[in-house]
Amino acid sequence: MNLASVLLISGRPTGSFQGSMTLFLVLFSFIALALIGVGVILYQKRKEWIAHSKMTYGKIVEISKRYARDDHSGRFPIYFPIVSYYVNGSEFRREADKGLAKNCEVGQEIPVRYLTENPYEASLNESTIPVLNPTVFFVLGILMLLSSIALSLLHK
């Protein structure tokens with residue numbers, strides 16, 4: 001008898017399936033609640049970051065021009081502005097996390113949202129926050145929880 005036959009025979013159930021659906025549903029529900037919990041924590045961090053941040057304006061002092069890895073011909077550059085802003089008389093510089101498709105100009109003023117305790121931790125946009133967005137965690141957690149509830153109702 002070859003190895004493939006042994007593996008096929010050993011994997012075949014001998015009677016009616018006695019799988020542990022309850023264990024699966026509990027695990028699924030636990031993961032869903034954990035995802036929702038992470039979403040709540042991230043939401044609180046974002047809310048706290050906004051509460052402890054202030055707005056100012058900075059000037060673009062330099063522009064870093066880069067190309068995507070798949071842009072072999074170099075026709076579509078991405079621009080990353082480096083912004084200088086002042087907080088309490090000290091100068092801080094920050095490069096944009098996301099590139100812009102359009103060219104910006106040196107000297108152009110842009111809004112900067114910075115954390116009051118650590119002015120280097122900043123976002124170069126009024127609405128962008130450097131804390132991970134909790135929406136994905138909420139959506140995945142709620143979908144997993146709803147599917148767990150639906151499976152438990154179908155199982156009965």
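Here the closest heavy-atom approach between residue Y114 and residue P119 is recorded as CB-O, 3.7 Å. Considering all non-hydrogen atoms of both residues, G58 and Y85 come closest at CA-CB, 3.9 Å. In terms of heavy atoms, K54 sits closest to T116 at CG-CG2, 3.5 Å. Closest approach of E109 to Y57, counting heavy atoms only: OE1-CB, 4.3 Å. For the pair A96 and F80, the tightest heavy-atom approach, listed with the atom from each and the gap, is O-CD2, 3.4 Å.
Separating the NZ atom in K59 from the CD1 atom in I110 is a distance of 12.5 Å, to the nearest 0.5 Å. In this structure, the separation between CG on L143 and OG on S148 is 12.5 Å, given to the nearest 0.5 Å. The CG atom of N118 sits 13.0 Å away from the NE2 atom of H52 when rounded to the nearest 0.5 Å.
L151 and I31 fall within a single hydrophobic cluster, where Ile, Leu, Val, Met, Phe, Trp and Tyr side chains are chained together by heavy-atom contacts under 4.5 Å. Using a 4.5 Å cut-off between side-chain heavy atoms of Ile, Leu, Val, Met, Phe, Trp and Tyr, with links allowed through other members, I50 and L132 fall into the same hydrophobic cluster.
Within the 3.5 Å criterion, the main-chain N or O of E105 finds a donor-acceptor partner in the side chain of Q108. Judged purely by atom type and a 3.5 angstrom limit, S53 uses its side chain to pair as donor or acceptor with the backbone of W49.
Donor-acceptor pairing under 3.5 Å is lacking for the side chains of R113 and S123. N88 and S90 are not linked by any side-chain donor-acceptor pair at a separation below 3.5 angstrom, with hydrogens and angles left out of the test.
A side chain to side chain contact (heavy atoms under 4.5 Å, CB included) with I142 holds for exactly one of L146, L140, L145; it is L146. Remark: of the listed residues V83, I63, I82, I82 is the sole one forming a side chain to side chain contact (heavy atoms under 4.5 Å, CB included) with E95.
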Notebook entry, point to check: What's the verdict on side chain to side chain contact (heavy atoms under 4.5 Å, CB included) for S84 and E91, showing C-alpha distance, side-chain angles and the deciding distance?
Noted result: CA-CA 7 Å; S84 171; E91 180 185 15; 2.5 Å; yes
Next item on the list: Test side chain to side chain contact (heavy atoms under 4.5 Å, CB included) on R94 and V112 and set out the steps.
Entry: CA-CA 10 Å; R94 179 91 174 149; V112 177; over 6 Å; no
List the atom pairs, donor and acceptor, that lie under 3.5 Å between side-chain atoms in residues 33-40 and the rest of the protein, sequence neighbours left out.
none

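In this structure, the side-chain contact (heavy atoms from CB on, under 4.5 Å) partners of P134, at least two apart in sequence or on a different chain, are L42, Y43, R46, F138.
Residues Y79 and S64 fail the side-chain proximity criterion, which asks for heavy atoms closer than 4.5 Å. Looking at heavy atoms from C-beta onward, L115 lies out of side-chain contact with Y120 at the 4.5 angstrom threshold. Considering only heavy atoms from C-beta on, V106 stays 4.5 Å or farther from E62 through its side chain.
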